[in-house]
Novice: 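Have a look at the structure that comes next, please.
Chain letters run A, B, ... following the sequence lines, proteins first and then strands; every chain starts at 1.
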Number of protein chains: 2
Amino acid sequence: MKQKILDDKLFALHAEVCKSMANPTRLKILNALENGEQSVDVMAKSLGLRKANLSQHLAVLRQRGIVATRREGLNIYYRCANSKMLKACEILREVLLEQLREGGKLFEQLGKGRK
Amino acid sequence: MKQKILDDKLFALHAEVCKSMANPTRLKILNALENGEQSVDVMAKSLGLRKANLSQHLAVLRQRGIVATRREGLNIYYRCANSKMLKACEILREVLLEQLREGGKLFEQLGKGRK
DNA sequence: CTTATAGTTTCGAATATTCGAAATTATTTG
DNA sequence: CAAATAATTTCGAATATTCGAAACTATAAG
């Protein structure tokens, strides 16, 4: 029973983290942070996002503890808070890239989920 | 530019897959399928879910190509369609379990995301 | 103190997700 | 064909996510 409760917490946590990553923009943000910290301003420009919207996405990642921040003058620098988590994310991306290259089913079914 | 388009597809696909996993019930389903295929009926009982609801979740996983099916008489057996993807999912779970055990920030912040 | 720049928060509308209930489909057995 | 069992689909209401617009906060520089 005790184990079941831990499992429930774990599945809930896992779902929360997946939810954080369940958005192309947030995945692009995490991707941008793979090579080190970046300010919001620079990210907004390189990703082509409005600052307010980027900030909203960063807030999601921050609240889940996926990214961390550091202020320096006017700029706030974001970085990945947990390299293992980012690595796990990358592994999934590699698997999917492989699928894409193989022209597998996953590719064709993209977007055919819930309308 | 060509590469950017591939990247966009990849991020979109990645987000779709994360969306599929962004639900505790679906993660429990995937977890149950780690040890081999199972019928909907058995899963419904072991996970304590209404069959209609389980079927809805299975449809999400099916549409994204994450699980595959096989019919045998009245029963339909579900299995994981891509072991690498399931493995990537497990790796993330291991990272999170470690965090949970360490009593880290992620645990405390669970559920404090968007209300 | 004023202005400029960087970033965040709030609000509201559009869209998507979730789940129960009820209806429907598929297969087997009598 | 009728009845039973397994599974799926459809519908609708409650809830959550997403994004632009506008307002707001924080820091630096004059």
Side-chain angles (χ1 to χ4, degrees), chain A residues 8 11-12 14-30 32-33 37-64 66-79 110-115, chain B residues 8 11-12 14-30 32-33 37-64 66-79 110-115:
Chain A
D8 280 348
F11 285 124
H14 193 162
E16 290 288 317
V17 170
C18 286
K19 227 175 266 183
S20 306
M21 297 176 174
N23 177 288
T25 298
R26 287 197 292 274
L27 290 173
K28 284 177 196 173
I29 292 169
L30 291 178
L33 295 179
E37 65 176 16
Q38 267 196 310
S39 73
V40 177
D41 207 46
V42 168
M43 264 192 279
K45 276 159 192 158
S46 73
L47 298 178
L49 296 171
R50 285 167 215 279
K51 226 183 318 199
N53 188 223
L54 172 56
S55 195
Q56 288 167 339
H57 283 299
L58 287 170
V60 172
L61 296 171
R62 214 185 326 115
Q63 283 159 357
R64 305 261 165 78
I66 294 173
V67 298
T69 62
R70 171 179 80 82
R71 180 184 273 273
E72 188 179 302
L74 279 180
N75 300 289
I76 294 183
Y77 293 90
Y78 275 80
R79 64 179 182 279
L110 211 201
K112 291 189 191 159
R114 325 272 264 199
K115 61 163 173 304
Chain B
D8 279 349
F11 285 125
H14 193 162
E16 290 288 316
V17 171
C18 285
K19 226 176 264 182
S20 306
M21 297 176 175
N23 176 288
T25 298
R26 286 197 293 273
L27 290 173
K28 283 177 198 174
I29 291 169
L30 291 178
L33 294 180
E37 65 176 17
Q38 267 196 310
S39 73
V40 177
D41 206 48
V42 167
M43 264 191 279
K45 277 159 190 158
S46 74
L47 297 178
L49 296 170
R50 285 166 216 279
K51 226 186 315 200
N53 187 221
L54 172 56
S55 195
Q56 288 168 338
H57 283 299
L58 287 170
V60 172
L61 296 171
R62 215 187 324 117
Q63 282 161 356
R64 305 259 166 78
I66 295 173
V67 299
T69 61
R70 171 180 79 84
R71 179 184 272 273
E72 188 179 301
L74 279 180
N75 301 288
I76 294 183
Y77 292 89
Y78 276 79
R79 65 179 181 279
L110 211 200
K112 290 187 190 162
R114 329 270 265 197
K115 60 163 171 306

Novice: Does dA6(C) have OP1 or OP2 under 4.0 Å away from a side-chain N or O of Tyr78(A)?
Specialist: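 Negative; the distance criterion is not met.
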Novice: Counting only side-chain nitrogens and oxygens, does Asn75(A) get under 4.0 Å of the OP1 or OP2 atom of dA6(C)?
Specialist: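 Checking dA6(C) against Asn75(A), no side-chain N or O comes under 4.0 Å of OP1 or OP2.
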Novice: Is His57(A) near enough to dT17(D) that one of its side-chain N or O atoms lies under 4.0 angstrom from OP1 or OP2?
Specialist: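 No, because none of the side-chain N or O atoms of His57(A) sits under 4.0 Å from OP1 or OP2 of dT17(D).
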Novice: Determine yes or no for a side-chain-to-main-chain donor-acceptor pair under 3.5 angstrom, with Arg64(B) supplying the side chain and Cys18(B) the backbone.
Specialist: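 Looks like no, no N/O pair under 3.5 Å.
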Novice: dA16(D) C1' sits how many Å from Asn23(A) CG, rounded?
Specialist: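 Checked: the CG to C1' distance equals 13 Å.
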Novice: For the residue pair Leu27(B) and Phe11(A), what are the closest heavy atoms and their distance?
Specialist: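 Closest heavy-atom pair between Leu27(B) and Phe11(A): CD1-O, 3.6 Å.
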Novice: If you go through the side-chain atoms of Gln56(A), does one of them form a donor-acceptor pair with the base of dT10(C) closer than 3.5 Å?
Specialist: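 In this structure, the two groups form a donor-acceptor pair.
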Novice: Rounded to whole angstrom units, what separation is found between the CD1 atom of Ile76(B) and the C1' atom of dA26(C)?
Specialist: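 My rounded result for the distance is 8 Å.
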Novice: Is Asn53(B) near enough to dT18(C) that one of its side-chain N or O atoms lies under 4.0 angstrom from OP1 or OP2?
Specialist: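 For dT18(C), OP1/OP2 do not have a side-chain N/O of Asn53(B) under 4.0 Å.
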Novice: How long is the line joining CZ of Arg50(A) and C1' of dT8(C), in whole Å?
Specialist: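 The distance from CZ of Arg50(A) to C1' of dT8(C) comes to 17 Å, rounded to the nearest Å.
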Novice: Tell me: CZ of Arg70(A) to C1' of dT27(D), nearest whole Å?
Specialist: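 Nearest whole value for this atom pair: 15 Å.
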Novice: With sugar-phosphate meaning primed atoms plus P, OP1 and OP2, does Ala44(A) contact a base, only sugar-phosphate, or nothing at under 4.0 Å between heavy atoms?
Specialist: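 It contacts nothing in the nucleic acid.
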Novice: Take atom CZ of Arg26(A) and atom C1' of dA16(D), then tell me their distance rounded to the nearest Å.
Specialist: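 The answer, rounded to whole Å, is 12 Å.
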Novice: Could you give the CD-to-P distance, from Gln63(A) to dA16(D), as a whole number of Å?
Specialist: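 Computing the Gln63(A):CD to dA16(D):P distance gives 14 Å.
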Novice: Just call it for Leu74(A): base, sugar-phosphate, or nothing, with non-hydrogen atoms closer than 4.0 Å on any strand.
Specialist: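 Here Leu74(A) touches the bases of the nucleic acid.
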Novice: Please compare Thr25(A) and Ser39(B) by the position of their nearest nucleotide in DNA chain D and report the one closer to 5'.
Specialist: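 On the 5' side of the pair lies Ser39(B).
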Novice: Within the pair Arg71(B) and dA6(D), is there a side-chain N or O less than 4.0 Å away from OP1 or OP2?
Specialist: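 No, outside the criterion.
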Novice: Atom NE2 in His14(A), atom NZ in Lys28(B): separation rounded to 0.5 Å?
Specialist: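 If we round to the nearest 0.5 Å, His14(A):NE2 and Lys28(B):NZ are 13.0 Å apart.
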Novice: Rounded to whole Å, how long is the line connecting atom CE of Met21(A) with atom P of dT17(D)?
Specialist: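 In whole Å, dT17(D) P and Met21(A) CE are 16 Å from each other.
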Novice: Leu47(A) CG to dC19(D) C1': how many Å, rounded?
Specialist: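 In whole Å, dC19(D) C1' lies 16 Å from Leu47(A) CG.
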Novice: Which of these passes side-chain contact (heavy atoms from CB on, under 4.5 Å) with Ile66(B): Ile29(B), Leu58(B), Leu61(B)?
Specialist: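 One option only clears the test, and that one is Leu61(B).
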Novice: Between Leu58(A) and Lys19(A), which has a closest nucleotide on DNA chain C that is more 5'?
Specialist: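 The residue mapped nearer the 5' terminus is Leu58(A).
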Novice: Give the minimum heavy-atom separation between Ala12(B) and Pro24(A), together with the two atoms involved.
Specialist: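 Looking at all heavy atoms of both residues, the closest pair is CA-CG, 4.3 Å.
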